[in-house]
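Every heavy atom of this structure was used, including side-chain atoms; hydrogens, water molecules and symmetry mates were not. Here is how names work: the chains are called A, B, and so on, in the same order as the sequence lines, proteins then strands, and each is numbered from 1.
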Amino acid sequence: MNIKVSNFNLKDTVTCGQIFRFKEEDDLSYTVVLSDRVVNLKLEDDNLIVDSNNMDNIEEVIKSYFDLDFDYDSLNDKLIEIDSSNKEIIDACNGLKMINEPRVEVIISYILSANNRVPQIRKTLDNISERYGEKVLFRNKEYYLFPTVEKLKKVSIEEYRDCKAGFRDKYIYEMINKIDSGEFDINSIDNMDSVEAMEYLMKNNGIGEKVASCILLFGYHRFDVFPIDTWVKKYMKEKYNLEKVPEIRNFMKEKYDKNSGLIIQYIFNYSRNKK
DNA sequence: CCCCAGGTCGTCA
DNA sequence: TGACGACATGGG
C-alpha cells in the first residue's frame, strides 16, 4: 500500500543511529523490525510504499513510528531563525524524523550503547530477539520481534552475557526486573517534565545522562533533552570552541530551549556524515 | 599489542 | 563535585 508523505527523509531517519534493527535492501528500500511486525519501506517521490507481514492498521502504525504527522517545518524554520547557519545543517538531512520507538526496546538498546559500537549494539539486540522474541515470516525470511517483558523477565544475567551484552548484562537484567515488578514504570514518565524524567531514568544502573537523553528523545518524543556525543562535541569545538559537556549543555539550552534535542540530532547527523 | 566505541560506575581525594 | 581507571566485546 502507499502512504502520501511530504518532506520525509526515509534513509537518514532509519540510518542515523536512532534505531538498530533495520536492513537496507538492494532496491534501496528499508526493512525494519517494529514492535509487532516487520515492514519494508520504499520511498518514491512523495509515495511511501509499505509492505508488511501484518497490514492491519498499517498506515497508523507507520505514521506513528516515523512521526509523520508531526509538524517539523515550523520547528525547522524556528531553528533557522535563531541561527541562519543552521540552514546548511538542516538541509543536509532535510526530512529527518524523530522515531517513536517502543519504550522497553529503546531503554535496552541505549543501555547497550554505552561504550559500544553500533554494529555490536545491533548484534546483541538481534541475539536477544532471536533467542527470546517471537519469530515472524516476511517475504520468505525469518525475523524476530524484540521480546516482551514477560519473556525477558525469565532471562538471566549469564544469558544476556551469552548474547554479547558484555558488562551491561546486569544493567539489562536489573532494568527488566524493575519494569516487570512495577518498581520502574515506563509510562509514568509521560507525567513528568524532562528534568524529572532524566532523574527517574538515571536512578537505574547503566543509565547516565547520555543514555537517558537518548531514551527520552527517541522513545518519548522529548525535544528538550539532548545527547552530547563525540560527533556533537567535535562540531561544538570547531564552531564555538566549546569543549566541556556542561558548557555545551548550557549553551544549547539557552540558545534553543525546547528544541535543543532536534537541532542536536541534525548536528549529529551532519557532523557524522561529513566525517 | 594497542586503541577505541552515540558511557557509566565505583572509588578516592 | 571532580578526576580516573575498569569494564566486555570486536574491529582497525
Should [X] and [Y] count as an ion pair when the cut-off is N to O under 4.0 Å?
X         : Y         : result
Lys87(A)  : Asp77(A)  : no
Asp83(A)  : Lys255(A) : yes
Asp169(A) : Arg161(A) : yes
Lys170(A) : Glu174(A) : no

Nucleotides 4-13 of chain B: protein proximity per nucleotide (B base, S sugar-phosphate only, - neither; heavy atom, under 4.0 Å) | BBBBSSS---
Could you tell me whether Arg168(A) contacts a base, only the sugar-phosphate backbone, or nothing, with contacts defined as non-hydrogen atoms closer than 4.0 Å?
->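 The answer is base, as Arg168(A) lies within the cut-off (heavy atoms under 4.0 Å) of a base atom.
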Sorted by number, the residues of residues 250-260 of chain A with heavy-atom contact under 4.0 Å to DNA chain B =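 Nothing qualifies; none.
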Evaluation steps, side-chain contact (heavy atoms from CB on, under 4.5 Å), between Tyr160(A) and Ile176(A) | CA-CA 12 Å; Tyr160(A) 287 122; Ile176(A) 288 295; 3.8 Å; yes
Write down the distance separating the [atom1] atoms in [N] and [M], rounded off to the nearest Å.
N       : M      : atom1 : result
dG5(C)  : dC4(B) : P     : 13 Å
dT11(B) : dA8(C) : P     : 15 Å
dA6(C)  : dC3(B) : P     : 12 Å

Distance-only donor-acceptor check, side chains [X] and [Y], under 3.5 Å:
X         : Y         : result
Glu247(A) : Tyr240(A) : no
Ser52(A)  : Arg37(A)  : no
Lys123(A) : Asn127(A) : no
Asn100(A) : Ser64(A)  : no

Thr31(A) and side chain to side chain donor-acceptor pair (under 3.5 Å): which partner among Lys23(A), Glu25(A), Arg21(A)?
->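 Among the candidates, only Glu25(A) passes.
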Reading DNA chain C 5' to 3', which nucleotide is the first, and which the last, to come under 4.0 Å of any heavy atom in chain A?
->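 For DNA chain C, the relevant span reads dC7(C) to dG11(C).
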